[in-house]
There are 2 protein chains.
Amino acid sequence: MHESVMSDYFRLFNEIGIIEQLSRTMLEARLPPGFVAAQFTVLNHLVRVGDGRTPLAIAQAFQVPKNSMTHSLSVLEREGLIEVRKNPQDGRSKLVYITDSGRTLRQRIIDSFAPDIARIADGFPHEHVVRLLPHLEELRKFLDADRDARN
Amino acid sequence: MHESVMSDYFRLFNEIGIIEQLSRTMLEARLPPGFVAAQFTVLNHLVRVGDGRTPLAIAQAFQVPKNSMTHSLSVLEREGLIEVRKNPQDGRSKLVYITDSGRTLRQRIIDSFAPDIARIADGFPHEHVVRLLPHLEELRKFLDADRDARN
DNA sequence: ACTATATAGTTCTATACAGAACCAAATGCA
DNA sequence: TGCATTTGGTTCTGTATAGAACTATATAGT
């Protein structure tokens with residue numbers, strides 16, 4: 001493996017890390033005080049892919065440790081944005097539902113984020129995003145699979 | 001702005017967030033216990049772009065808050081991996097230098113990471129990386145500039 | 001059925017992270 | 001020169017995050 005090839009992969013992950021940092025900061029600037037990106041993304045996930053999922057499934061969707069997800073969910077529950085019920089199919093497990101107030105807040109946040117997206121779309125057009133997405137998805141899926149293979 | 005366009009940007013940042021999470025976890029598995037990705041990336045940065053930089057410059061390179069950088073640097077200094085000297089040009093400021101032991105550790109980590117990269121390169125070939133990098137760089141630079149414009 | 005193992009989630013703990021307020025040196029400007 | 005503002009960095013504080021160990025339920029193998 002050539003040094004320069006290695007360093008391209010490092011640069012790739014480095015760029016991704018910086019973009020993650022920047023986009024997270026931008027998002028958090030629009031969130032209610034004390035609210036953090038991870039909590040919003042969970043809320044968003046529940047709307048996009050549907051609720052009634054287990055905490056573990058959600059943790060896996062974002063590839064975060066399950067104890068981190070326990071924490072995020074407990075915050076969302078404390079704020080009345082989700083409901084956590086026991087899973088009738090499995091006594092070990094729970095199911096997560098978004099509440100009306102969670103749904104409303106999510107929509108409010110998305111609306112308030114629109115101007116930011118509009119500005120980004122000016123400098124980084126939608127076609128670019130469309131071209132980028134499949135490749136990133138491919139990379140993500142591969143890393144996912146590779147991780148599973150390792151564990 | 002159409003709902004679907006918005007949601008593509010959300011998906012973009014979401015994919016990036018997951019990849020960041022996965023690559024960070026993978027990297028941290030190779031780091032000495034207690035060592036965290038942020039600390040390695042600083043070490044790596046000092047070698048790649050050269051040391052003798054100010055903490056603020058480094059914070060800006062990664063777009064993290066300067067107090068976060070203060071923390072990372074203090075850990076690296078405590079471990080003897082960097083040296084922080086006062087800047088003779090500016091009494092407010094400091095300059096960060098990597099030590100021999102920091103350089104050595106960084107190389108050790110990179111070497112130990114090689115098999116992971118090799119595996120990734122199998123599933124996600126180098127050409128893909130080369131094609132992706134300029135677009136990500138463009139996005140990162142735009143977000144950078146936009147952020148500065150906002151502040 | 002009985003034991004071993006795997007799975008879902010929580011708790012405990014230590015560290016990272018980031019906002020806010022702060023201090024000190026530097027710069028701008030009257 | 002003197003005062004206001006800006007800049008570089010740290011401190012203080014509260015929250016997020018994640019490893020490790022734990023509990024409880026479920027599943028597999030015999």
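Within every chain, numbering begins at 1; the chains are lettered A, B, ... in the order of the sequence lines, protein sequences first and strands thereafter. Note that the coordinates shown come from a computational prediction; the quantities given were computed from them, not determined experimentally.
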Determine, for Arg131(B) against Glu127(B), whether the closest basic-nitrogen to carboxylate-oxygen distance falls under 4.0 angstrom. no

Measure the CZ-CG distance between Phe40(A) and Leu105(A) for me, rounded to the nearest 0.5 Å. 8.5 Å

List the atom pairs, donor and acceptor, that lie under 3.5 Å between side-chain atoms in residues 51-64 of chain A and the rest of the protein, sequence neighbours left out.
from	atom 1	to	atom 2	distance (Å)
Asp51(A)	OD2	Ile98(A)	N	3.1
Arg53(A)	NE	Gly50(A)	O	2.7
Arg53(A)	NH2	Val49(A)	O	2.6
Thr54(A)	OG1	Ala57(A)	N	3.1
Gln63(A)	OE1	Arg147(A)	NH1	2.9
Gln63(A)	NE2	Gln60(A)	O	3.3
Gln63(A)	NE2	Asp144(A)	OD1	2.6

Phe124(B)/Tyr9(A) aromatic ring centres below 6.0 Å: no

Give me the residues of residues 57-85 of chain B where at least one heavy atom lies under 4.0 Å from an atom of DNA chain D, by number, or none. Lys66(B), Asn67(B), Thr70(B)

Phosphate oxygens OP1/OP2 of dC17(C): is one of them under 4.0 Å from a side-chain N or O of Gln21(A)? no

Is any side-chain heavy atom of Leu73(B) closer than 4.5 Å to one of Met69(B)? yes

From the 5' end of DNA chain D to its 3' end, which nucleotides mark the outer limits of contact with chain A, defined by a 4.0 Å heavy-atom distance cut-off (strictly under)? dA16(D) to dA26(D)

Would you call Arg108(B) and Asp111(B) a salt bridge, using N to O less than 4.0 angstrom? no

From Ile16(B), Leu133(B), Leu139(B), residue fulfilling side-chain contact (heavy atoms from CB on, under 4.5 Å) relative to Glu15(A): Leu133(B)

Does Asp100(A) have more than 12 heavy atoms from other residues, nucleotides or ligands lying within 6.0 Å of its CG? no

Answer yes or no: is there a side-chain heavy-atom contact under 4.5 Å between His128(A) and Glu138(B)? yes

Under a 4.5 Å cut-off applied to non-hydrogen side-chain atoms, are Val36(A) and Leu31(A) in contact? no

Validation row: Phe13(A), Ile19(B) side chains within 4.5 angstrom (heavy atoms): yes

When all nucleic acid strands are considered with a 4.0 Å heavy-atom cut-off, which category describes Glu28(B): base, sugar-phosphate, or nothing? nothing

Fellow cluster residues of Tyr97(A), listed by chain then number, with links counted only when side-chain atoms sit under 4.5 Å apart: Leu95(A)

Report for the helix from dA1(C)-dT30(D) to dA30(C)-dT1(D): angle between first-end and last-end helix axes, five pairs each, rounded to 10 degrees. 30°

Is Glu83(A) salt-bridged to Arg85(A), cutoff N-O under 4.0 Å? yes

List in numerical order all residues of residues 87-95 of chain A for which some heavy atom is under 4.0 Å away from an atom belonging to DNA chain C. Arg92(A), Ser93(A), Lys94(A)

